[in-house]
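Input: a single structure, listed below in structure tokens.
Each chain gets a letter, A, B and so on, in the order its sequence line appears, and its residues count up from 1.
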Amino acid sequence: MPEIVTRFAPSPTGYLHIGGARTALFNRLFARRNGGKFLLRVEDTDRERSTPEAVKAILEGMTWLGITWDEGPYFQTERMELYLKEAGRLVAEGKAYRCVCTPGELEVRRKAAREKGEKPHYDRRCRDLPPGDTEGKPSVVRFRAPLSGTTSVHDLLRGDVVYENGELDDLVLLRTDGSPTYNFVVVVDDATMGITHVLRGDDHLNNTPRQILLYEALGYPLPSFGHFPLIHGKEGGKLSKRQDDVSVTAYRDRGFLPEAMINYLVRLGWGHGDQEIFSVEELQGIFSLESVGKSPSRFDPEKLQNVNAHYIKTGDPQRLSALLVPFLARRGIEAESSPWLAKVVRTFQERSKTLEEMAESAEYYFRRKDPDPKSAEKFLTPETAPLFEEIARELGGLPDFTPAAMEPVFQRAAEKRGAKLGKVAQPVRVALTGGTVSPGIFEVMDVLGRDEVVERLTAAAGRIRERSAG
RNA sequence: GUCCCCAUCGUCUAGUCUGGCCAAGGACACCGCCCUUUCACGGCGGCGACCGGGGUUCAAAUCCCCGUGGGGACGCCA
């Protein structure tokens with residue numbers, strides 16, 4: 001069996017978006033699963049809209065997700081000679097012709113056709129013009145497509161889809177400026193790069209019969225095709241920049257983990273029994289096209305969050321601490337990855353859905369915060385001043401400043417006052433963190449360290465006395 | 001409008017190919033209860049779907065047809 005070769009072929013007109021990322025992922029998974037190669041090709045024939053920044057952004061997104069490629073990136077702008085040569089061949093063989101219709105004329109005719117309720121395609125009026133008539137005039141090269149018969153696409157996911165050739169169009173192969181168009185270069189590239197499986201979004205299904213005709217005209221062997229259902233946004237319909245966050249790196253910047261993104265993406269349109277959590281390694285062993293669904297799926301940020309929470313919960317604290325650093329920096333906190341920061345992370349792993357959220361809730365570990373007024377009013381009452389002083393004193397005398405050693409201190413303080421532990425813990429929490437929500441109070445103290453705890457408690461007691469005196 | 005694709009809880013899906021094990025399973029979200037020093041985590045429970053209609057069959061979520069709905073494509077974009 002010949003080696004399987006798949007590809008991802010984005011056009012560099014923006015960021016790597018969710019849909020593209022999933023297409024890339026499926027392509028790579030499929031190649032890996034079958035011991036084949038996955039390559040990356042940048043479709044930049046549209047010079048107007050392609051930018052180097054977009055190329056960079058796409059590669060960055062891919063790299064972040066860990067979707068590595070075995071070959072490339074190839075750039076179509078570097079392969080122009082090939083396309084021109086192949087187009088010339090088609091013209092020479094009479095399989096393509098020059099058309100002198102202008103974009104304006106075509107636009108008018110399309111509109112008219114649509115109004116008449118017809119499919120608005122090219123009326124082929126230049127198809128049989130004598131060669132002399134096009135000489136010296138600006139012209140495009142069009143494919144001479146068959147007028148009758150049918151073309152069927154043997155789609156790996158959908159089965160055979162049959163098109164009337166009459167429905168298809170005489171595609172433009174080369175523009176007036178001589179540059180080649182998508183439907184043409186994609187065929188030349190996929191064929192010459194030895195792509196065996198063209199797996200892409202459903203929006204290309206209708207292009208496939210035209211491309212098949214080109215394969216045949218050019219004498220190329222046909223690859224297998226497979227079209228994935230699209231990913232829809234909140235409002236249904238394909239993801240839009242307006243209403244949905246479509247850029248992969250935007251999720252990175254909001255504190256999502258790449259493995260969570262991958263895991264979420266792979267489950268969108270693909271399933272493996274009841275399993276929800278998959279590692280990439282595992283996916284490479286079990287991914288199959290047969291279990292890719294046929295209907296579009298809606299992108300659900302809440303489920304993504306849930307998956308992300310899972311990976312944060314189970315992730316290595318040391319690694320997470322390194323990833324957390326930029327999020328802290330954004331809040332003006334300079335920190336570096338360290339065993340201590342890993343300890344900070346540990347206290348939040350079970351309560352953070354994103355790294356951004358973690359950085360936000362971790363602020364009080366780095367700076368003393370004024371207590372939130374509501375919490376202060378409720379918990380920093382006059383009788384807590386002696387409590388804080390008592391606890392500070394006892395903690396100061398502890399041989400080991402460990403959670404196990406701290407607990408009896410709090411138990412005693414509670415018992416002495418005939419109260420439950422919460423009566424003591426909650427005011428201390430406010431004194432230490434400025435609010436009523438935090439990890440376990442002993443964990444917090446453990447991270448803060450004895451000196452800081454004692455200082456914060458003493459300071460809080462001082463403020464309370466001051467206030468009740470004044 | 002024309003062509004093409006699709007159709008199970010609000011969402012992601014299992015089940016559909018190979019009809020019976022499905023009075024339809026799991027996950028997210030939501031709601032309750034439990035655990036508990038707060039918030040979470042976790043545990044338990046609840047809510048909640050086979051788009052409609054015809055057929056085929058002893059039997060249909062599963063096969064067929066027709067509707068309906070949703071989506072995509074109709075470019076000198078990709």
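Of the candidates B:U37, B:C77, B:C6, B:U37 carries the atom nearest the A:Ile441 side chain, counting heavy atoms from C-beta on. Candidate nucleotides B:G72, B:C76, B:C41 were compared by shortest atom distance to the side chain of A:Val140, and B:C76 ranks first. Out of B:G71, B:G75, B:C28, the shortest distance to the side chain of A:Arg110 is found at B:G75. Looking at the side chain of A:Val437, the nearest of the listed nucleotides B:U38, B:C28, B:C76 is B:U38. Residue A:Arg158 places its side chain closer to B:C5 than to any other of B:G75, B:C5, B:C4. Closest to the side chain of A:Asp202, out of B:C5, B:A29, B:C74, is B:C5. Picking from B:C3, B:A29, B:A73 the nucleotide with the shortest atom distance to the side chain of A:Asp203 gives B:A73. Closest to the side chain of A:Arg49, from the set B:U2, B:C39, B:A78, is B:A78. Looking at the side chain of A:Thr181, the nearest of the listed nucleotides B:A78, B:C5, B:U37 is B:A78.
Cation-pi geometry between A:Arg142 and A:Tyr122 is met: under 6.0 angstrom from the ring centre, within 45 degrees of the axis.
Note on A:Arg109 versus A:Glu105: salt bridge recorded, some NZ/NE/NH1/NH2 to OD/OE distance being below 4.0 Å. We find that A:Lys343 and A:Asp446 are joined by a salt bridge, their nearest charged nitrogen and carboxylate oxygen being less than 4.0 Å apart. The pair A:Arg144-A:Asp170 does not meet the salt-bridge criterion, since no charged nitrogen lies less than 4.0 angstrom from a carboxylate oxygen. Taking a cutoff of 4.0 Å between a charged side-chain nitrogen and a carboxylate oxygen, A:Glu48 and A:Arg175 do not qualify as a salt bridge. The pair A:Arg7-A:Asp189 does not meet the salt-bridge criterion, since no charged nitrogen lies less than 4.0 angstrom from a carboxylate oxygen. Ion pair A:Glu452/A:Arg450 not flagged as a salt bridge, since none of the NZ, NE, NH1 or NH2 atoms sits closer than 4.0 Å to an Asp/Glu carboxylate oxygen. One finds a salt bridge joining A:Lys303 and A:Glu276 here, because a Lys/Arg side-chain nitrogen approaches an Asp/Glu carboxylate oxygen to under 4.0 Å. By the 4.0 Å N-to-carboxylate-O rule, A:Asp123 lies close enough to A:Arg125 to be salt-bridged with it.
For A:Asn207 and B:A78, a side-chain-to-base donor-acceptor distance below 3.5 Å is present, hydrogens and geometry of angles not being considered. Looking at A:Arg351, its side chain comes within 3.5 Å of the base of B:C39 through a donor and an acceptor atom.
Here B:U38 presents its P atom at 8 Å from CZ of A:Arg429, a figure rounded to the nearest Å. A:His204 places its NE2 atom 15 Å from the P atom of B:C77, with the value rounded to the nearest Å. Summarising the geometry, the separation between CG on A:Asp177 and C1' on B:C77 is reported as 13 Å, rounded to the nearest angstrom.
More than 12 heavy atoms of other residues, nucleotides or ligands shown are found within 6.0 angstrom of CG on A:Asp316. Residue-environment remark: CD (A:Glu383) exceeds the threshold of 12 foreign heavy atoms within 6.0 Å.
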Show me the protein contacts with nucleotides 11-13 of chain B, counting only N or O atoms at under 3.5 Å.
unit_1, atom_1, unit_2, atom_2, d
B:C12, OP1, A:Arg298, N, 2.7
B:C12, O2', A:Arg267, O, 3.0
B:U13, OP1, A:Gly269, N, 2.1
B:U13, OP1, A:Ser297, OG, 3.3

Output one line per pair: protein atom, nucleotide atom from nucleotides 32-35 of chain B, and distance, for all N/O pairs under 3.5 Å.
none

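Of all the heavy atoms in A:Pro317 and A:Gln349, the pair that sits closest is CG-OE1, 3.7 Å.
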## Note on the structure
The contact string for nucleotides 60-66 of chain B, one letter per nucleotide 5' to 3', using protein heavy atoms under 4.0 Å with B, S and - for base, sugar-phosphate only and none, comes out as -------
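Heavy-atom distances to RNA chain B give each of A:Leu230 and A:Gly293 a nearest nucleotide, and the one nearer the 5′ end belongs to A:Gly293. Comparing A:Gln76 and A:Lys313 by the nucleotide of RNA chain B that holds the closest heavy atom to each, the one mapping nearer the 5' end is A:Lys313.
A ring-centre distance under 6.0 Å is found for A:Phe287 and A:Phe26.
In this structure B:G1 sits in a base pair with B:C74, meeting the Watson-Crick or G-U test at under 3.5 Å. B:A7 is paired with B:U68 under the Watson-Crick or G-U wobble criterion, all donor-acceptor distances under 3.5 Å.
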